[in-house]
Amino acid sequence: MIKPGEVVGLVGPSGCGKSTLARVLAGYEKPKEGSVLLNGAPLPSKGFLPVQLIFQHPEKAVNPRWLMRSVLKESWDPDEQLLASLGIEEEWLNRRPGELSGGELQRFCIARALGPNTRFLIADEITTMLDAITQAQIWHAVLEAAEKRGMGMLVISHDKHLIGRVCTRVMKWGSSRTL
Ligand SMILES: Nc1ncnc2c1ncn2[C@@H]1O[C@H](COP(=O)(O)OP(=O)(O)OP(=O)(O)O)[C@@H](O)[C@H]1O
């Protein structure tokens, strides 16, 4: 179980199923056993999903034909302060995904997921492709937004330093399967 406001780390060897679990928790895949409950009820099948998944490959998460302005508005209309805190430049809003670097595109995916109706955020290796300074900037913005909105978070990463710095609790795959 992940409580609102908690930042839980999930670590484990490559291929053990962390990303699969992330997709199941976000409702992208159905579990073979068990169920995912949000406040005691199954995940809603329609409308905005309060569990948002951000994953390692932002290019797979956006429509390549849309302007970034439309990609963002698909979910909500983030304020300028949030965009600035994620280092998103005004000029990038008029570009398409293919005209941004992977790291620049990932900032949009993060902004898009931090909407007012998001209750839980799953971050699956979201800053792996970024340099240390940008990583720190993005985590600062994400944690601040999560705290402000009382979101619960699941952070998946092989970076032990990052997990130790941002998480309030860490789960090692194999020690327990109960989240
Ligand atoms: N769509 C799929 N069809 C069949 N098998 C899959 C599929 N996606 C993943 N797998 C397999 O499921 C297992 C778990 O994959 P998953 O991506 O969840 O691991 P992971 O713990 O996130 O790994 P990593 O740390 O390397 O990202 C792997 O053995 C993988 O090959």
Side-chain angles (χ1 to χ4, degrees), residues 1-38 42-46 48-65 71 74-75 86 97-98 100-115 118-143 145-146 151-179:
M1 189 198 288
I2 302 176
K3 295 185 192 131
E6 252 194 329
V7 183
V8 179
L10 177 62
V11 297
S14 197
C16 72
K18 302 180 298 297
S19 296
T20 303
L21 176 66
R23 290 196 298 274
V24 168
L25 290 177
Y28 288 25
E29 282 184 32
K30 292 229 176 315
K32 283 195 178 142
E33 284 176 36
S35 53
V36 180
L37 300 178
L38 180 66
L43 294 176
S45 55
K46 286 189 209 153
F48 185 83
L49 189 67
V51 182
Q52 287 286 303
L53 170 62
I54 311 167
F55 52 101
Q56 198 179 347
H57 303 289
E59 65 284 355
K60 292 185 189 167
V62 291
N63 187 328
R65 288 175 298 180
V71 170
E74 183 188 14
S75 176
L86 288 167
L100 293 167
S101 75
E104 289 163 357
L105 191 55
Q106 185 67 308
R107 299 169 205 228
F108 280 94
C109 292
I110 294 170
R112 186 175 62 173
L114 290 173
T118 303
R119 296 284 163 266
F120 291 92
L121 195 66
I122 303 173
D124 186 0
E125 299 279 8
I126 64 169
T127 52
T128 306
M129 80 286 269
L130 302 172
D131 63 81
I133 293 175
T134 312
Q135 234 182 59
Q137 178 195 25
I138 285 183
W139 275 105
H140 179 75
V142 170
L143 292 171
M151 284 179 201
M153 279 188 71
L154 182 68
V155 180
I156 298 172
S157 177
H158 288 290
D159 182 344
K160 290 196 176 80
H161 179 69
L162 173 77
I163 291 278
R165 194 158 48 83
V166 306
C167 297
T168 50
R169 175 160 66 94
V170 181
M171 296 200 53
K172 291 193 176 70
W173 192 275
S175 59
S176 167
R177 291 223 165 169
T178 307
L179 281 172

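Values below: every heavy atom of this structure, side chains too, minus hydrogens, waters and symmetry copies. Atoms within each ligand, like the ligands themselves, are counted from 1 in listed order.
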*State which residues pass side-chain contact (heavy atoms from CB on, under 4.5 Å) with Pro50; sequence neighbours excluded, sorted by chain then number.*
Leu38, Pro44, Arg119
*Any residue meeting side-chain contact (heavy atoms from CB on, under 4.5 Å) with Lys46, in chain and number order, not counting sequence neighbours*: none
*Could you give all pairs that pass the salt bridge (charged side-chain N to carboxylate O under 4.0 Å, His left out) test and reach residues 16-28, with sequence neighbours left out?*
Arg23-Glu29
*Can you list, by chain and residue number, every protein residue with a non-hydrogen atom closer than 4.0 Å to ligand 1?*
Pro13, Ser14, Gly15, Cys16, Gly17, Lys18, Ser19, Thr20, Arg23, His158
_Are Phe55 and Ile156 packed together at the side-chain level, in the sense that at least one heavy-atom pair is separated by less than 4.5 angstrom?_
no
*Given Gln106, which of Ile126, Ile138, Leu86 fulfils the side chain to side chain contact (heavy atoms under 4.5 Å, CB included) condition?*
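Testing Gln106 for a side chain to side chain contact (heavy atoms under 4.5 Å, CB included) against Ile126, Ile138, Leu86 leaves exactly one candidate, Ile126.
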*Might you work through the side-chain contact (heavy atoms from CB on, under 4.5 Å) test for Thr134 and Thr127, ending with a clear yes or no?*
CA-CA 8 Å; Thr134 312; Thr127 52; over 6 Å; no
